[in-house]
Amino acid sequence: MLKPVYLFQGETLLAHSTSLESLLTHKGRLMSTPFESADLINHSIFISTLADENLKDVGAERMVRKTSERQARWLIASGVRTWRTYFNEPQNKAGLFIGLGTVDCDEEDNPELVQEPTAECLATAMLEERRPLVCLALLNSSATSHIAQLAGITGENMSFSPLLSAGLNALCEGYFAIAEGRLKHALCGGGSQKITPWSLLAYESIWANQDNYWLSEAASFFIASDEPRLNQQAAIGVMRQAYRARLKNNAHALTEQVNRITGSPLIENQHVVKVILVGANLEQQDITLHALGGELKSRAVVLDSYVGNTMAAATAIACNSALSYLQDAEQGFVIVIAFGDHGEFGMFLIEANND
Amino acid sequence: MTNRVVVTGLGVLSPFGVGVDSFWSAVKAGENAVDAWHPPGAEGFPVQHGATIKQDTQALVAEELVDFKLPKHIERRAIYALIAAKEAINDARLETELGQAGIAVCSGVPELDDASLLALAEQPKANIMNYALTEREQAIKRFSGIRCSNDVLATTLAEQFNTSGFICNVSGACAGATQAIGLAYRAIKRGEASVMLCGGADSVLSIRTLSALHLLGATAETQRFANQLCRPFDQDRAGLVAGEGGAMLVLESEQHAKARGAHIYAEITGYGSSLDAYKVTAPHPEGLGAISAMEGALQSAGIGAQNVQYINAHGTSTPLNDVIETKAIKSVFGKHATSLGVSSTKSMIGHWIAAAGAPEAIATVLAIRDQFMPATINLTQPDEGLDLDYVMGKGREASINHALSNSFGFGGINASLAIARYYE
């Protein structure tokens, strides 16, 4: 028997200190600028970039700062602040579930350090003690370790990388850990990859077929718990799948998945406040909106049109958005439908709990 | 109502060669895959030993993956995983029934291979990344990690085996593959999946990554023991010795496996994971995270510590890990700790870093099948206070009904699997 899982809204870091609330209420807009490196590949890519976090406000010791790099610091700052909003002391049976970016090579300018293009020169450059702890900074799960240390989280954990499905899987695992009774509380969230020329190389598959693309740096967390508190919403179902074969989008399979959600007994005759789509490309948006049909289609929100592609942060931002939409609702649901970059597909069903 | 989870397929590409048979027969015999090695062209490199895959990557593709239509850019760890996965799927006789299978794997951070870094270093220093972007088709080698994000392993497996279950790329440092197997176990147990392909592939045998490990002081570099350098629990252990490879398991619900008449190797009965929340640079001095992971595995398996006969240890041959792991085992198992066999497969195949837990889980499954505890080789004099039965030197027959496979990663990420002999 699954336990109910209550969700506590957490912090979402967006570029230019833009608040998620202001975007959802149309009072603000996330600014973006052209990414110059994209000109080299004849693509039009716009970016929204986050400011660095110094971690002083979360009390990170020098070693944490030395062994974290920019994208890890966004995660550490927003994750620890979210946790401390609700908990001042270490909690029993507390866990951590995060979607991470990977760590790139151009932060260290490795090729530039090599005097001659020989293995000996490469070794000389790499072995120089410029940064003895670089190994830990390059390890993307160091962010998980740092958050655990600062928040005092010692329980079950799982981190994934690097794109949207990483955040999706993290939130699913966090949900299951609470629902199945292994944990009482879980810090769940994700952070985007930092946007650099290297990330364009590594993630070519996500922008290669897009004429205009908007990448955003972001991080977002919420807390899942088995304890209800006033005005905390409840997650009542999650689902994850891949819906395509051999990397091709498959309209029929996607339509089937959407119909499975809308035909679910959990939703039947219930008031759906919003349907949030996140990570969907234009084709997936069209198919999904068509499959949702009339009423539900009119309540659909395409989150990427507000915040761009925030990669492993995206699903947590969608869930935090759902919690915002439900804040004043007496009853009803928000359905979050998340699309990964390789055909992954996930759903979160979040219910108002404002009695 | 939850499902029992059974192991029905195994696949390994190891420094001993392609296949589970070559891996397990060598491990049973206590053979040593660690050999003299340094990064090609860097004779003076401080790391002078490794457990390497001897076959050239392109030759492996030609010999082992001839039926696959591989993407243009694929890094070698994905190739290792594909070879291991192909064997595991064939072993499970699941070729035509993979359909809804989920995938949970771990491959570590992107592998930035030396050849590609050197190709970039040939360019004018002011605009190397611009060059990499504009000339990416020609300039970057076919198997380069520079053009691959670290989920290439997971997504390639899904694509090549045409699966439609969920896909997970776990990032859990040296505990990553064990976490991936634990995730797969839980997914089947709850009924989210009937079949999961899980495991990992990794290699840090490159100048860049080994240099980073060297700067951290993690690598064994003494010449004193030649290829007997990986010496878990020994008083002269001097650090990890890197290895590489891929190892994959097919897990199924008992119901699914029995319905199709599958051969069952063993049962995954429990899984525990924890965080040290201590320091990113060292494990908790009392081993609290390791204790918690092992206790979690025992608890979810529903067994007491006294039921366990064998532990496949993380056993890295680093000064800190082996002391802390021994301390943690003593804490969890009490007086029973001295009755356990505790051995380190890494002593033979080196440390596969993110993938380490996968070949070790397979070794544990086969230890149960064959009722045989593999040895910790190169261990001649256990360090002070390290007084468990480490199955020194030579493996032995033993009655094993329940076993644990431990993985304790950098940054205090810990995972432990409980694996048992299968009884209907």
Side-chain angles (χ1 to χ4, degrees), chain A residues 37 40-41 63 67 96 100 102-103 105-106 110-112 114 117-120 122-123 126-127 129 132-136 138-142 144-146 148-149 152-163 165-166 169 176 197-198 200-203 240-243 245-247 342 344, chain B residues 39-42 44-45 109-110 112 114 117-118 120-122 125 128-130 132-134 136 146-151 155 158-159 162-173 179 183 186 190 207-208 211-216 273-275 277-281 289 292 410-413:
Chain A
S37 296
L40 297 165
I41 49 177
M63 185 59 79
T67 53
L96 183 53
L100 306 164
T102 50
V103 179
C105 73
D106 60 353
N110 285 318
E112 284 85 343
V114 182
T118 65
E120 289 287 5
L122 178 62
M126 296 297 107
L127 290 166
E129 292 225 24
L133 297 171
V134 67
C135 185
L136 296 172
L138 288 171
L139 185 63
N140 60 353
S141 61
S142 289
T144 307
S145 305
H146 291 315
Q149 184 184 340
I153 296 173
T154 57
E156 184 173 326
N157 64 94
M158 196 77 79
S159 298
F160 304 87
S161 64
L163 298 172
S165 66
N169 283 317
F176 287 129
W198 176 82
L200 283 187
L201 263 178
Y203 302 110
R240 56 185 162 173
Q241 273 288 327
Y243 72 90
R246 294 195 180 272
L247 295 181
H342 297 280
E344 302 96 329
Chain B
F45 197 74
V109 296
L112 303 167
D114 298 340
L117 278 174
L118 288 172
L120 291 177
E122 286 178 10
K125 304 216 179 308
I128 282 178
M129 286 313 292
N130 289 357
L133 278 168
T134 51
R136 61 194 183 284
I146 288 181
R147 296 199 62 198
C148 298
S149 57
N150 69 341
D151 62 341
T155 55
E159 179 193 354
N162 202 15
T163 60
S164 60
F166 65 91
I167 307 165
C168 296
N169 177 51
V170 175
S171 287
Q179 288 197 316
L183 184 157
R186 289 249 168 86
R190 77 171 65 95
I207 288 174
R208 182 172 186 263
S211 297
L213 285 165
H214 159 82
L215 291 172
L216 200 61
S273 77
S274 69
L275 293 156
Y278 179 63
K279 286 179 181 174
V280 75
T281 48
S292 173
F410 280 130
I413 298 174

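Chain letters run A, B, ... following the sequence lines, proteins first, then strands; residues in each count from 1. Please read all numbers here as calculations on a predicted model, not as lab measurements.
- Between A/Met126 and B/Ser211, the shortest heavy-atom contact is CB-OG, 3.3 Å.
- Both the backbone and the side chain of A/Asn157 come within contact range of chain B, each with at least one heavy atom under 4.5 Å from a heavy atom of that chain.
- Judged by the 6.0 Å and 45° rule, B/Arg186 forms no cation-pi pair with A/Phe176.
- Scanning all heavy atoms of the two residues, the minimum distance from B/Ile207 to A/Ala123 falls at CG2-CA, 3.6 Å.
- By number of non-hydrogen pairs under 4.5 angstrom with chain B, the leading residue of A/Ser165, A/Ser142, A/Gly152, A/Ala119 is A/Ala119.
- The line from CG of A/Asn140 to OG of B/Ser171 is 4.0 Å long, rounded to the nearest 0.5 Å.
- Side chains of A/Thr102 and B/Asn150: a donor-acceptor N/O pair is absent below 3.5 angstrom, by distance only.
- Proximity to chain B involves both the backbone and the side chain of A/Leu127, based on heavy atoms less than 4.5 angstrom apart.
- A distance of 8.0 Å separates CD1 of B/Ile167 from NE2 of A/His342, quoted to the nearest 0.5 Å.
- The minimum heavy-atom distance linking A/Ser161 with B/Asp151 is given by the pair O-CB, 4.1 Å.
- If you measure heavy-atom distances from A/Thr67 to chain B, the contacts under 4.5 Å come from the side chain alone.
- At a 4.5 Å heavy-atom cutoff, the contact between B/Ile413 and chain A is made by side-chain atoms alone.
- For the set B/Ala121, B/Ser273, B/Gly172, the count of heavy-atom pairs under 4.5 angstrom toward chain A peaks at B/Ser273.
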| request: Please report the C-alpha distance between A/Arg240 and B/Cys168 in whole Å, then the side-chain angles of each, then the deciding distance to 0.1 Å, and finally whether the side chain to side chain contact (heavy atoms under 4.5 Å, CB included) criterion is met. | output: CA-CA 11 Å; A/Arg240 56 185 162 173; B/Cys168 296; 4.0 Å; yes
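- Test B/Thr281, B/Leu215, B/Val280 against A/Leu133 for side-chain contact (heavy atoms from CB on, under 4.5 Å) and you get one pass: B/Thr281.
- For the residue pair B/Asn130 and A/Leu40, the shortest heavy atom distance occurs at OD1-CD1, 3.2 Å.
- How far CG of B/Leu275 is from OG of A/Ser159: 8.0 Å, rounded to the nearest 0.5 Å.
- Contacts between B/Phe410 and chain A at a heavy-atom distance below 4.5 Å involve backbone atoms as well as side-chain atoms.
- For the atom pair CG of A/Leu136 and CG of B/Leu216, the computed distance is 4.5 Å after rounding to the nearest 0.5 Å.
- With rounding to the nearest 0.5 Å, the separation of OH in B/Tyr278 from OG1 in A/Thr154 is 15.0 Å.
- Most heavy-atom pairs under 4.5 Å with chain A: of the set B/Gly44, B/Gly411, B/Ser274, B/Pro39, this distinction falls to B/Ser274.
- Scanning both residues, B/Ser164 and A/Gln241, for their nearest heavy atoms gives O-OE1, 2.6 Å.
- Looking at A/Ala166, there are no atoms closer than 4.5 Å to chain B (heavy atoms on both sides), in backbone or side chain.
- Scanning both residues, B/Ser149 and A/Pro162, for their nearest heavy atoms gives CB-CG, 4.0 Å.
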